[in-house]
Amino acid sequence: MASVRSSEESGERMLLRPQQPYSYEETIRRLVSFEKTAYRSEGGKLYRTLRLSKRPVVVELEWEEEKSALAATVDTELDDRERMDLERILRRMFSLDVNLAPFYESIKMEPRLAQVVEERKGLHFVLDPTLYECLIKTIIGQQLNMAFAAKLVDRLIHLAGERLERAGEVLAVFPTPEQVARLRYEDLQALQFNRRKAEYVIDLSRRIAEGKLNLDELHRLEDQEVVGRLLPLRGIGRWTAECLLLFGMGRPNLLPAADIGLRNAVRRVYELDAQPTEKEVRQMGEAWSPWRSYATFYLWDTLSGQ
DNA sequence: TACCAGGATATGG
DNA sequence: CCATATCATGGT
């Protein structure tokens with residue numbers, strides 16, 4: 001994909017064309033309502049810090065309507081490797097290469113879900129840039145309402161990550177495992193983490209920092225193998241492992257059937273008298289294969305906002 | 001006030 | 001093996 005160097009500033013800008021159908025508006029709407037921390041939204045532009053191979057940068061994102069492309073701008077000059085890095089990261093994060101046409105075609109058989117999908121045409125997953133970030137954010141989000149969970153994530157980032165300045169504003173970078181490994185449990189308790197959650201987050205980070213756990217190895221495993229590999233770790237249950245497969249890895253056919261949010265959404269969309277059981281959700285979800293992740297994602301989206 | 005949040009674990013039966 | 005309490009806070 002072409003990247004253009006601006007002559008006026010020292011930064012540069014690249015254009016990334018997504019697989020259609022793609023709705024930047026829908027995708028960002030969900031992101032902004034759900035992720036109060038990692039992204040900063042201002043005047044139609046979105047800011048997010050990302051780690052390239054050697055250094056963190058602030059990336060400014062906006063939709064370029066005439067070219068139907070995502071425009072990414074950084075205020076620093078990138079070398080070839082960083083440029084390729086950034087493009088790869090963004091294409092993956094914003095699911096730019098995921099073709100939803102087959103999903104939309106197959107979902108026509110499910111009228112109620114088809115309605116939900118129709119209202120959100122082009123909505124794509126936004127993945128976390130790293131499996132580590134995804135795992136930590138998911139653990140923090142366990143059991144908590146999303147607003148509070150976002151607050152805790154924000155506090156962790158500002159405590160442990162570097163700070164970058166962009167247009168007079170300070171943005172924190174999601175910390176590395178090494179940075180979190182250096183914290184004490186009490187540091188996170190002071191941020192209103194409960195003791196156990198402070199242990200989950202720090203112990204996991206230490207394990208990774210010490211080289212005893214390599215999350216990137218998970219990429220080559222099947223879904224169920226990934227779950228099996230993660231379950232023995234303290235603080236990671238099935239739900240958390242599945243969230244990693246969804247929001248860290250973008251696996252297409254996951255169904256977190258026990259998830260309380262999904263069950264509430266299914267109840268509403270299918271107008272059931274009672275909250276369906278995990279088993280019932282699993283049975284209904286058979287019909288959504290091999291797009292169960294996206295079906296889940298669209299159902300989750302019915303919960304936020306409205 | 002009570003109860004639930006896009007859970008996981010420790011403990012007791 | 002199953003049931004229940006616990007967590008730390010915000011929203012309803």
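Computed from a predicted model, the values in this text were never measured in an experiment. Residue numbers begin at 1 in each chain, while the letters A, B, ... track the order of the sequences. When reading the values below, keep in mind they use all heavy atoms of this one structure, side chains included, and skip hydrogens, waters and symmetry mates.
Contacts of Leu188(A) with the nucleic acid, taken as non-hydrogen atoms under 4.0 Å apart, are absent. If you check every strand for non-hydrogen atoms under 4.0 Å, Leu152(A) touches nothing. Nucleic acid contact class of Gly237(A) (heavy atoms, under 4.0 Å, all strands): sugar-phosphate only. Nucleic acid contact for Phe297(A): none, since no nucleic acid atom lies under 4.0 Å from a heavy atom of the residue. Within the 4.0 angstrom heavy-atom criterion, only backbone atoms of the sugar-phosphate kind lie near Thr240(A); the bases stay farther away. Here Arg267(A) lies out of heavy-atom contact (under 4.0 Å) with every strand.
Scored by the ring-ring contact (aromatic ring centres under 6.0 Å, His included) test, Tyr200(A) finds no partners at all (sequence neighbours excluded). Take Glu62(A) and apply the side-chain contact (heavy atoms from CB on, under 4.5 Å) test, not counting sequence neighbours, and it matches Arg13(A), Lys45(A), Glu60(A), Ala71(A). Shown here are the side chain to side chain donor-acceptor pair (under 3.5 Å) partners of Gln20(A), two or more places apart in sequence or in another chain: there are none. For Arg220(A), there are no salt bridge (charged side-chain N to carboxylate O under 4.0 Å, His left out) partners at least two apart in sequence or on another chain. Partners of Val269(A) by side-chain contact (heavy atoms from CB on, under 4.5 Å), not counting sequence neighbours, listed by chain and number: Arg112(A), Val116(A), Leu299(A), Thr302(A).
Arg29(A) and Glu26(A) are joined by a salt bridge, as a carboxylate oxygen and a charged side-chain nitrogen come within less than 4.0 angstrom of each other. Salt bridge status for Glu162(A) with Arg55(A): absent, with no side-chain N to carboxylate O gap under 4.0 Å.
dA3(C) sits 23 Å from dG6(B) when the C1' atoms are compared, rounded to a whole Å. If you take atom P in dA8(C) and the same atom in dT11(B), they sit 15 Å apart, rounded to whole Å. For dA2(B) and dA5(C), the P atoms lie 15 Å apart once the distance is rounded to whole Å. Across dA5(B) and dC2(C), the matching P atoms stand 23 Å from one another, rounded to whole Å.
A salt bridge (Lys or Arg N to Asp or Glu O under 4.0 Å) check over residues 150-160 of chain A, counting only residues at least two apart or in different chains, returns nothing. Sequence neighbours left out, the pairs with a member in residues 44-67 of chain A that pass ring-ring contact (aromatic ring centres under 6.0 Å, His included) are Tyr24(A)-Trp63(A). Listed by first and then second residue, the salt bridge (Lys or Arg N to Asp or Glu O under 4.0 Å) pairs that reach into residues 94-107 of chain A are Arg91(A)-Asp97(A), Glu105(A)-Lys108(A), sequence neighbours excluded.
Between Gln275(A) and Ala241(A), it is Gln275(A) whose nearest contact on DNA chain B lies nearer the 5' terminus.
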Just distance, no hydrogens or angles: give the donor-acceptor pairs under 3.5 Å from side chains in residues 238-251 of chain A, sequence neighbours left out.
residue	atom	partner	partner atom	Å
Trp239(A)	NE1	Asp259(A)	OD1	2.5
Thr240(A)	OG1	Gln142(A)	NE2	2.8
Arg251(A)	NH1	Leu221(A)	O	2.9
Arg251(A)	NH1	Asp223(A)	OD1	2.8
Arg251(A)	NH2	His219(A)	O	3.1
Arg251(A)	NH2	Leu221(A)	O	2.9

Expected string for nucleotides 6-12 of chain C under the B/S/- scheme (protein heavy atoms, under 4.0 Å, primed atoms plus P, OP1, OP2 as sugar-phosphate) is BSBBB--
Base-pair map of DNA chain C as dot-bracket, where | denotes pairing with a different strand and pairs are Watson-Crick or G-U under 3.5 Å
|||||||.||||
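Note that the first and last nucleotides of DNA chain B, 5' to 3', having any atom under 4.0 angstrom from a heavy atom of chain A are dA5(B) to dA10(B).
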